[in-house]
2 protein chains.
Amino acid sequence: MDDLTEMLKGTLEGCVLDIIGAEETYGYAITRRLNELGFTDVVEGTVYTILLRLERNGLVQVAKRPSGVGPPRKFYTLNDAGREERARFWAKWEYVSSRIDKLREGGR
Amino acid sequence: MDDLTEMLKGTLEGCVLDIIGAEETYGYAITRRLNELGFTDVVEGTVYTILLRLERNGLVQVAKRPSGVGPPRKFYTLNDAGREERARFWAKWEYVSSRIDKLREGGR
DNA sequence: TACCAGTACAACGTATCACCGAGTACCGGA
DNA sequence: TCCGGTACTCGGTGATACGTTGTACTGGTA
């Protein structure tokens with residue numbers, strides 16, 4: 001699939017939020033997860049910018065722990081604000097995607 | 001629904017493309033159509049930027065005609081390149097939205 | 001020992017996009 | 001005559017994903 005960049009704007013952060021919400025995890029693993037989900041072009045740099053943004057906005061709790069197979073990892077968990085934001089994201093997604101699907105079906 | 005700006009990036013242009021593809025129309029009417037579709041915060045300035053971009057990228061054919069109820073209108077129609085782009089948009093949308101829905105259902 | 005691949009994160013700059021605001025202009029009705 | 005509705009243009013702003021480069025730790029292997 002060719003360039004999805006623009007279409008991922010505004011949704012990628014929500015996806016990361018959701019992945020963290022499912023279980024405590026770290027940047028490198030999140031990137032792999034997104035790749036295997038089908039977003040093959042998403043690179044580490046992108047995910048780390050999102051993670052730093054989430055941290056700066058106070059949506060996640062961070063814990064640095066050694067990994068054994070490389071440098072230490074920063075593990076992320078959602079806090080209350082993060083869980084709220086995640087719910088808001090899915091509400092928005094539901095809203096937007098349902099309306100676009102309506103347009104597609106020629107819904108006048 | 002609160003701010004959808006970021007989530008519309010990359011999809012709004014596709015929506016406009018689709019609306020034009022359905023029938024010959026003009027900026028002001030496209031804005032109204034998007035508003036009634038549920039994208040109530042989309043304003044004329046935004047739509048006109050998209051239309052100028054579509055024109056610059058050679059995806060539409062333009063015809064200026066008097067309106068009778070105000071200043072002349074610029075009517076837009078998709079050309080071959082525009083129809084291709086529209087198809088590409090829906091393919092991308094199908095791809096992205098299906099994968100996000102999968103994430104949402106906890107699809108591991 | 002020296003090198004390399006895999007893992008892991010950070011920081012810089014860039015392009016694109018939706019939005020905002022202000023401006024121009026045409027028309028009909030109160 | 002003014003005002004609301006119609007209709008388009010243009011310049012600037014902020015948010016976001018991406019590309020690139022750099023740092024650094026580990027284990028395997030030639």
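Per chain, numbering begins at 1; letters A, B, ... match sequence-line order.
- The separation between B:D41 atom CG and C:dC19 atom P is 8 Å, rounded to whole Å.
- Between B:R104 and A:E94, at least one side-chain nitrogen of the basic residue sits less than 4.0 Å from a carboxylate oxygen of the acidic one, meeting the salt-bridge criterion.
- Side-chain N/O atoms of B:K9 and base N/O atoms of C:dT16 include no donor-acceptor pair closer than 3.5 Å.
- When the P atom of C:dA18 is taken as reference, atom CD1 of A:I100 falls 11 Å away, rounded to whole Å.
- Comparing C:dA25, C:dT7, C:dC19 by their nearest atom to the side chain of B:T5 picks out C:dC19.
- The nucleotide whose nearest atom lies closest to any side-chain atom of A:L12 is, among D:dC18, C:dC20, C:dT16, D:dC18.
- Rounded to an integer number of Å, the gap from CD1 of B:I30 to C1' of C:dA18 is 16 Å.
- Taking every heavy atom of residues 47-68 of chain A and every atom of DNA chain D, pairs under 4.0 Å involve A:I50, A:R53, A:G68, by number.
- Set against D:dC8, D:dT16, C:dC17, the side chain of B:E13 has C:dC17 as its closest nucleotide.
- Here B:T46 lies in heavy-atom contact (under 4.0 Å) with a base.
- Judged by a 6.0 Å distance limit and a 45° cone about the ring axis, A:R73 is not positioned over the six-membered ring of A:Y28.
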- Could you go step by step and tell me if B:M7 and A:E13 meet the side chain to side chain contact (heavy atoms under 4.5 Å, CB included) rule? CA-CA 10 Å; B:M7 203 174 276; A:E13 179 177 315; over 6 Å; no
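- In this structure, the nucleotide among C:dT7, C:dA10, D:dT16 sitting nearest to the side chain of A:P71 is C:dT7.
- When each of B:T11 and A:F75 is assigned the nucleotide of DNA chain C bearing its nearest heavy atom, the one mapping closer to the 5' terminus is A:F75.
- Closest contact between the side chain of B:Y28 and the listed nucleotides C:dC9, D:dC8, C:dC17 involves D:dC8.
- Where B:Y76 and A:V69 each meet DNA chain D at their nearest nucleotide, the meeting point lying more 5' is that of B:Y76.
- Across the protein-nucleic acid pair, B:L4 atom CG and C:dC19 atom P stand 9 Å apart, rounded to whole Å.
- For B:Y26, taking side-chain heavy atoms from C-beta onward, the closest of the listed nucleotides D:dA15, D:dA7, D:dA17 is D:dA7.
- Ionic pairing of A:R32 and A:E44 is present here: one or more N-O contacts between side-chain nitrogen and carboxylate oxygen are shorter than 4.0 angstrom.
- Linking Ile, Leu, Val, Met, Phe, Trp and Tyr residues whenever their side-chain heavy atoms come within less than 4.5 Å leaves A:L52 and A:L12 in two separate clusters.
- Regarding B:M7, its CE atom lies at a distance of 14 Å from the C1' atom of D:dA15, rounded to whole Å.
- Whole-Å rounding puts the A:R33 CZ to C:dA8 P distance at 17 Å.
- The distance from atom CZ of A:F39 to atom C1' of D:dA17 is 13 Å, rounded to the nearest whole Å.
- Closest approach of B:N35 and B:V42 over heavy atoms only: ND2-O, 3.0 Å.
- Two residues are said to be in side-chain contact when any heavy atoms from C-beta on lie closer than 4.5 Å; A:K74 and A:Y76 meet this criterion.
- Between A:G70 and B:G70, the residue whose closest nucleotide on DNA chain C is further toward the 5' end is A:G70.
- Residues B:F89 and B:D18 have side chains not in contact (no heavy-atom distance under 4.5 Å, counting atoms from C-beta outward).
- When the P atom of C:dC19 is taken as reference, atom CD of A:E6 falls 13 Å away, rounded to whole Å.
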